J.: 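Shown below is the structure under consideration.
Read the numbers this way: they start at 1 and go in the same order the structure lists the ligands and their atoms. Below, all heavy atoms of this structure are taken into account, side chains as well, without hydrogens, waters or symmetry copies. For clarity, every value in this text was computed on a predicted model and none was experimentally measured.
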Amino acid sequence: MSTFLLEIVTPEHKVFEQQVDMISVKGVEGDLGILANHIPMVTPLRIGPMKIKEGGKEHWIAVHGGFVEVRKDKVVVLAESAEMPEDIDVERAKAAKARAEQRLAMAARSKQDSLDFRRAELSLQRAVTRIKVSQKEW
Ligand code: ATP
């Protein structure tokens, strides 16, 4: 199987750089599988898990927004933040999920602050993604 170079970069650091066989990401327009020799393109990503297949192994990464760029020589994922399962603090993610759910319930009751609602929703998506990736769940 042909491989391609995958780089996952955040404003803080390079999270991943390796030759891989295939990646699956959550694009804003749906799930997307990318193999070697994919046509060049750029598409925004949702907050969600990302799966990487490499030499019979599977890697999971929590990708928090950003976009994927398919170039001729490599594929680059530029994310606001991204974590490998071993770097995820599951208790912290569970606490963030509970806080976000509380904020969503409060925002729904007050029916006022839609910005607060949106922030809580994004926070919930990040927390759920971290929990899923730590359990290797798509
Ligand atoms: P929290 O409310 O727990 O801070 P958050 O979703 O608001 O979560 P972010 O703003 O997305 O956090 O991330 C800030 C930094 O903390 C990033 O570097 C991110 O990788 C890291 N981070 C956030 N939550 C976790 C976690 N559960 N485990 C490991 N790193 C985390």
Side-chain angles (χ1 to χ4, degrees):
M1 186 181 227
S2 308
T3 64
F4 59 95
L5 180 64
L6 171 68
E7 276 181 24
I8 304 174
V9 186
T10 72
E12 285 167 15
H13 63 297
K14 196 173 272 186
V15 179
F16 191 95
E17 182 178 28
Q18 212 170 300
Q19 289 291 131
V20 302
D21 299 319
M22 184 190 174
I23 64 170
S24 305
V25 289
K26 303 239 176 211
V28 291
E29 283 165 24
D31 295 354
L32 191 67
I34 299 172
L35 292 161
N37 306 315
H38 193 288
I39 48 160
M41 60 146 203
V42 180
T43 195
L45 296 175
R46 287 187 283 141
I47 294 170
M50 169 175 178
K51 243 188 315 188
I52 302 167
K53 287 192 179 160
E54 170 259 320
K57 280 188 281 180
E58 227 178 39
H59 302 276
W60 290 78
I61 301 195
V63 174
H64 307 292
F67 58 89
V68 59
E69 181 181 8
V70 181
R71 300 188 196 165
K72 279 208 180 103
D73 58 333
K74 62 181 170 184
V75 173
V76 181
V77 172
L78 275 168
E80 280 142 41
S81 62
E83 299 108 24
M84 310 277 285
E86 58 270 26
D87 298 323
I88 294 174
D89 177 341
V90 180
E91 290 312 310
R92 176 174 164 185
K94 284 183 182 165
K97 178 173 179 279
R99 276 198 311 276
E101 283 168 344
Q102 257 177 3
R103 278 156 55 207
L104 280 175
M106 270 167 56
R109 273 200 298 275
S110 71
K111 289 184 187 150
Q112 282 179 3
D113 204 335
S114 65
L115 185 63
D116 262 8
F117 194 86
R118 186 69 193 134
R119 278 204 191 118
E121 224 171 33
L122 292 174
S123 181
L124 180 61
Q125 285 173 19
R126 290 194 298 274
V128 168
T129 295
R130 287 176 178 127
I131 294 166
K132 278 189 173 171
V133 165
S134 72
Q135 297 168 345
K136 300 193 182 348
E137 224 180 82
W138 179 244

J.: Ile88 heavy atoms, cut-off 4.0 Å: which ligand 1 atoms fall inside?
T.: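 With Ile88 as reference, the close atoms of ligand 1 come out as 28 (N), 29 (C).
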
J.: Return the closest protein heavy atom for atom 19 (C) of ligand 1 as residue, atom name and distance.
T.: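 Among all protein heavy atoms, the one nearest atom 19 (C) of ligand 1 is Glu83 OE2, 3.2 Å.
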
J.: Does any N or O atom in Ser123 lie less than 3.5 angstrom from one in ligand 1, N or O only?
T.: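 No - when backbone and side-chain N and O of Ser123 are compared with those of ligand 1, no distance drops under 3.5 Å.
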
J.: Please check if atom CE in Met106 has more than 12 non-hydrogen atoms from other residues, nucleotides or ligands closer than 6.0 Å.
T.: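 Result for CE/Met106: open.
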
J.: Note the single closest protein heavy atom to atom 2 (O) of ligand 1, along with its residue, its atom name and the distance in Å.
T.: Arg99 NH2, 2.8 Å

J.: I need the single residue from Gln18, Lys74, Arg71 that forms a side chain to side chain donor-acceptor pair (under 3.5 Å) with Glu7. Which is it?
T.: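 Considering Gln18, Lys74, Arg71, a side chain to side chain donor-acceptor pair (under 3.5 Å) with Glu7 is found only for Lys74.
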
J.: What protein heavy atom is closest to atom 3 (O) of ligand 1, reported as residue, atom name and distance in Å?
T.: Arg92 NE, 2.9 Å

J.: Would you call Val70 and Ile39 a side-chain contact if the rule is heavy atoms closer than 4.5 Å?
T.: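 No; the side chains remain at least 4.5 Å from each other.
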
J.: Give a yes or no on whether Lys53 atom NZ has more than 12 heavy-atom contacts from other residues, nucleotides or ligands under 6.0 Å away.
T.: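 Check fails, neighbour count at 12 or below.
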
J.: Considering non-hydrogen atoms of the protein only, which is the closest contact for atom 29 (C) of ligand 1, and what is the distance?
T.: Asp87 O, 3.1 Å

J.: Looking at every non-hydrogen atom in both residues, tell me the closest pair between Met22 and Gly33 and how far apart they are.
T.: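 For Met22 and Gly33, the tightest heavy-atom pair comes out as CE-CA, 4.1 Å.
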
J.: Which residue holds the protein heavy atom closest to atom 6 (O) of ligand 1, what is that atom called, and what is the gap in Å?
T.: Arg126 NE, 2.6 Å

J.: Look at atom 9 (P) of ligand 1 and say which protein heavy atom is nearest, naming residue and atom and giving the distance to 0.1 Å.
T.: Arg130 NH2, 3.8 Å

J.: Find all atoms of ligand 1 within a distance of less than 4.0 Å from any non-hydrogen atom belonging to Glu12, and give their numbers and elements.
T.: 18 (O)

J.: Which heavy atom of Asn37 sits nearest to which heavy atom of Ser2, and what is that distance?
T.: ND2-OG, 4.4 Å

J.: Nearest to atom 17 (C) of ligand 1, what protein heavy atom do you find, and at what distance?
T.: Ser81 CB, 4.3 Å

J.: Can we say Lys57 and Asp21 salt-bridge, meaning some charged N sits less than 4.0 Å from an Asp/Glu carboxylate O?
T.: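 Salt bridge: no.
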
J.: When you measure from atom 28 (N) of ligand 1 to every protein heavy atom, which one gives the shortest distance, and what is it?
T.: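 Answer for atom 28 (N) of ligand 1: Asp89 N, 2.9 Å.
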
J.: Using a 6.0 Å cut-off, check whether atom CD of Gln102 has over 12 heavy atoms from anything other than its own residue.
T.: no

